[in-house]
Amino acid sequence: MEKFPKYFLSFLILVIYANVQAQVNCYAIEGERCKKACEIYNSNSDSQGSRESQESFDKAIDLCPNFSHAYMEKAVPYLKRGDFITWKKLIDKAVELSPNNHLDYRGWCKFQFLRDYEGAIQDFDLLEKYRPGNIGYSVNGDYNLYVAKAICYSALNQKEKAIQVLENLFKTKDYHFGLYDYYQLGVTYFESGKYDKALENFEKQSKVYDFAENIYFRSKVSKIRNKDYLDLKSLALKSYDEGKTMKDAYTHHFNKIYRKQIAEL
């Protein structure tokens with residue numbers, strides 16, 4: 001079996017897991033009002049963002065003000081619409097009520113949407129107290145949250161700390177590599193001037209899933225070494241035009257590269 005299908009399968013499992021996690025076991029909820037709130041939540045979590053679902057989450061909160069999932073689910077549409085103030089008010093309440101259940105989501109969103117790298121690291125560190133050694137995955141399934149934490153360190157120009165987090169993570173027994181893990185480590189090494197280690201990781205990435213950004217950096221390493229880089233540059237442009245790039249439905253990936261950058265190499 002080729003490696004890419006294996007990674008696709010891992011991603012599919014994460015998506016299924018995330019969908020299952022969205023449902024709450026109402027039988028485990030104490031109190032009739034809170035059980036009813038849970039049932040309302042479960043019946044409306046699939047219609048996220050609609051007026052009916054938002055009103056239903058309000059009803060759930062009225063019935064059970066300590067039901068954290070209703071605050072979290074109500075917060076999501078505000079984030080997607082760019083109303084970060086309302087989102088933060090709601091998600092902070094969800095975290096206050098149940099940090100173990102919601103710190104992962106808040107930390108990831110601080111990274112992905114707000115570029116609040118220090119805030120994201122603080123949430124991941126706090127989550128470690130509740131889930132030592134396994135803080136989970138990003139909402140979109142692209143990254144283990146330790147990878148996201150490392151990217152935050154890199155964004156704060158703490159490159160060595162970022163490298164240490166990733167290298168230690170990748171040595172973990174039975175670690176499931178994400179689609180962009182080696183790439184992010186490679187870029188961090190590249191930005192630290194460690195081109196041998198950078199190329200080593202870009203080549204590992206190419207065996208998992210090769211895409212325009214990864215090929216671009218391989219080309220950059222060749223150019224720095226005064227080696228022929230034009231074939232790789234052409235391949236990067238071709239891959240970009242074919243849509244083989246880092247993608248996300250809502251934001252731009254950290255270390256994403258654009259066609260203009262490739263063309264100007």
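FYI, the numbering just counts along the sequence from 1.
- Side-chain contact, Asp248 with Gln112: a donor N or O sits under 3.5 Å from an acceptor N or O.
- For the disulfide (SG to SG under 2.5 Å) condition, the pairs that include at least one residue of residues 34-100, sequence neighbours left out, are Cys26-Cys38, Cys34-Cys64.
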Given Lys260 and Glu264, is the side chain to side chain contact (heavy atoms under 4.5 Å, CB included) satisfied, shown in steps? CA-CA 6 Å; Lys260 182 179 179 182; Glu264 291 176 350; 3.0 Å; yes
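- In terms of the ring-ring contact (aromatic ring centres under 6.0 Å, His included) criterion, Tyr189 has no residue partners (sequence neighbours excluded).
- Residues Lys149 and Leu127 form no side-chain contact, since every pair of their non-hydrogen atoms from C-beta on lies 4.5 Å or further apart.
- Here Glu203 pairs with nothing under the salt bridge (Lys or Arg N to Asp or Glu O under 4.0 Å) rule; sequence neighbours left out.
- Linking Ile, Leu, Val, Met, Phe, Trp and Tyr whenever their side-chain heavy atoms come within less than 4.5 Å leaves Tyr258 and Leu235 in two separate clusters.
- Applying the salt bridge (Lys or Arg N to Asp or Glu O under 4.0 Å) criterion to Arg115, with sequence neighbours excluded, gives no partner residue.
- In this structure, Ile215 is not a member of the same hydrophobic cluster as Leu185, with clusters built from ILVMFWY side-chain heavy atoms closer than 4.5 Å.
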Could you go through residues 88-97 and list every donor-acceptor pair under 3.5 Å that involves a side-chain atom there, pairing it with any protein atom two or more places apart or in another chain?
residue: Lys88; atom: NZ; partner: Asp92; partner atom: OD2; Å: 2.6
residue: Asp92; atom: OD1; partner: Arg106; partner atom: NH1; Å: 2.9

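- At least one donor-acceptor pair closer than 3.5 Å links the side chain of Gln205 to the backbone N or O of Leu179.
- Atom-to-atom distance recorded for Glu118:CD and Tyr153:OH is 10.5 Å, nearest 0.5 angstrom.
- Glu55 places a side-chain heavy atom less than 4.5 Å from the side chain of Arg51.
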message: Is there a side chain to side chain contact (heavy atoms under 4.5 Å, CB included) between Trp87 and Leu114? Walk through the geometry before answering.
response: CA-CA 11 Å; Trp87 170 80; Leu114 305 182; 3.9 Å; yes
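- By the rule that hydrophobic residues join a cluster once side-chain heavy atoms approach within less than 4.5 Å of another member, Leu63 and Tyr71 end up as members of separate clusters.
- Here Gln158 contributes atom CD and Thr188 contributes atom OG1; the two are 12.5 Å apart, rounded to the nearest 0.5 Å.
- Under the side chain to side chain contact (heavy atoms under 4.5 Å, CB included) criterion, Asp83 pairs with Tyr78, Ile85, Thr86, not counting sequence neighbours.
- Salt-bridge formation is not detected for the pair Glu200/Lys194: no Lys NZ or Arg NE/NH1/NH2 atom is positioned less than 4.0 Å from an Asp or Glu carboxylate oxygen.
- In this structure Lys129 satisfies the side-chain hydrogen bond (donor to acceptor under 3.5 Å, both in side chains) test with no other residue, sequence neighbours excluded.
- Shortest non-hydrogen contact noted between Arg225 and Leu199 is NH1-CD2, 3.4 Å.
- Judged by distance alone, the side chains of Gln184 and Asn255 do bring a donor and an acceptor atom under 3.5 Å apart.
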Give the intermediate values and the outcome of salt bridge (charged side-chain N to carboxylate O under 4.0 Å, His left out) for residues Lys74 and Asp58.
CA-CA 8 Å; Lys74 183 180 177 183; Asp58 284 337; 2.4 Å; yes
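- Minimum interatomic distance between Leu126 and Tyr130 (heavy atoms only, all atoms of both residues): O-CD1, 3.4 Å.
- For the residue pair Lys233 and Ser219, the shortest heavy atom distance occurs at N-OG, 3.6 Å.
- The closest side-chain heavy-atom distance from Lys244 to Asp210 is not below 4.5 Å.
- No side-chain heavy atom of Glu191 sits under 4.5 Å from any side-chain heavy atom of Asn157.
- Two rings, from Phe190 and Tyr195, have their centers less than 6.0 Å apart.
- Going from atom CG of Leu232 over to atom CD1 of Ile262 covers 11.5 Å, rounded to the nearest 0.5 Å.
- Residues forming a salt bridge (Lys or Arg N to Asp or Glu O under 4.0 Å) with Lys59 (at least two apart in sequence, or on another chain): none.
- Among residues at least two apart or in separate chains, there is no disulfide (SG to SG under 2.5 Å) pair with a member in residues 221-265.
- Each disulfide (SG to SG under 2.5 Å) pair with one or both residues in residues 90-204, not counting sequence neighbours, would appear here, but there are none.
- You'll find the ring centres of Tyr209 and Tyr183 outside the 6.0 Å limit.
- Phe177 and Tyr175 have perpendicular rings, their planes meeting at more than 60° on a 0 to 90° scale where under 30° would count as parallel.
- Ring centroid separation for the pair Phe111 and Trp108 comes in under the 6.0 Å cut-off.
- For Tyr180, the ring-ring contact (aromatic ring centres under 6.0 Å, His included) partners two or more places apart in sequence, or in a different chain, are Phe211, His253.
- A 6.0 Å sphere centred on NZ of Lys36 holds no more than 12 heavy atoms belonging to other residues, nucleotides or ligands.
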query = How far apart are the C-alpha atoms of Tyr143 and Phe254, what are their side-chain angles, what is the distance that settles it, and do they pass the side chain to side chain contact (heavy atoms under 4.5 Å, CB included) test?
reply = CA-CA 12 Å; Tyr143 294 111; Phe254 191 80; 5.9 Å; no
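- Of the inter-residue distances, the one linking Phe170 atom CZ with Asp181 atom CG reads 4.5 Å to the nearest 0.5 angstrom.
- Taking every heavy atom of both residues into account, Ala60 and Ile40 meet most closely at CB-CG2, 4.3 Å.
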Tell me, with the steps shown, if Glu32 and Lys35 meet side chain to side chain contact (heavy atoms under 4.5 Å, CB included).
CA-CA 5 Å; Glu32 288 306 313; Lys35 277 188 170 63; 4.2 Å; yes
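- Considering all non-hydrogen atoms of both residues, Ala120 and Gly107 come closest at CB-O, 3.4 Å.
- Side-chain heavy atoms closer than 4.5 Å link hydrophobic residues (I, L, V, M, F, W, Y) into clusters, and following such links, possibly through other members, connects Tyr105 to Phe124.
- One hydrophobic cluster holds both Ile163 and Val187 under the rule that ILVMFWY side chains link at heavy-atom gaps under 4.5 Å.
- Side-chain atoms of Asn42 and Val24, non-hydrogen and from C-beta on, do get closer than 4.5 Å to each other.
- Between Phe84 and Phe113, the two ring planes are tilted [angle within 30° to 60°].
- The shortest side-chain heavy-atom distance between Ile257 and Phe217 falls under the 4.5 Å cut-off.
- If you take CG on Asn100 and CD1 on Ile135, they are separated by 12.0 Å, rounding to the nearest 0.5 Å.
- Counting all heavy atoms, side chain and backbone alike, Phe202 lies closest to Asn214 at O-ND2, 3.0 Å.
- Residue Glu30 qualifies as open at atom CD: its count of foreign heavy atoms under 6.0 Å is 12 or below.
- Residues satisfying the salt bridge (Lys or Arg N to Asp or Glu O under 4.0 Å) test with Glu128, not counting sequence neighbours, are none.
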